[in-house]
Amino acid sequence: MLVRPFADATVWRAALPGLLRSAFSALVSRHHAGAVRMDDQALGQAGDPWVRPLSRTIRHQRRGETGLITGLRVSRRRLAT
């Protein structure tokens, strides 16, 4: 019996949006975690008085966005069960 790859395209079409959302949220969370680490380093080494408040603001925003993404992922999992 010959099996065609992706024989049931409807299954893939149905799963793809969830897979993309999951991958996107994971990548954005990793990206923001890197920004927070970079801001922490900038706070520790900043000699310019303008860098410290900017770094705190960016760090606060990225942590908030990461928390939002995490909350949405948890809510989505709870709704799915």
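Residue D39 holds its CG atom at 9.0 Å from CZ of R63, rounded to the nearest 0.5 Å.
Using a 4.5 Å cut-off on side-chain heavy atoms (C-beta onward), D40 and R59 make contact.
At distances below 3.5 Å, not a single donor-acceptor pair connects side-chain atoms of S25 with backbone N or O atoms of I69.
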Let me have the donor-acceptor pairs involving side chains of residues 30-37, under 3.5 Å, with sequence neighbours excluded, atom names and distances please.
{"residue": "H32", "atom": "NE2", "partner": "E65", "partner atom": "OE1", "Å": "2.6"}

Under 3.5 Å, sequence neighbours excluded: what are the donor-acceptor pairs made by side chains of residues 45-54?
{"residue": "D48", "atom": "OD1", "partner": "W50", "partner atom": "N", "Å": "2.9"}
{"residue": "R52", "atom": "NH1", "partner": "L43", "partner atom": "O", "Å": "2.4"}

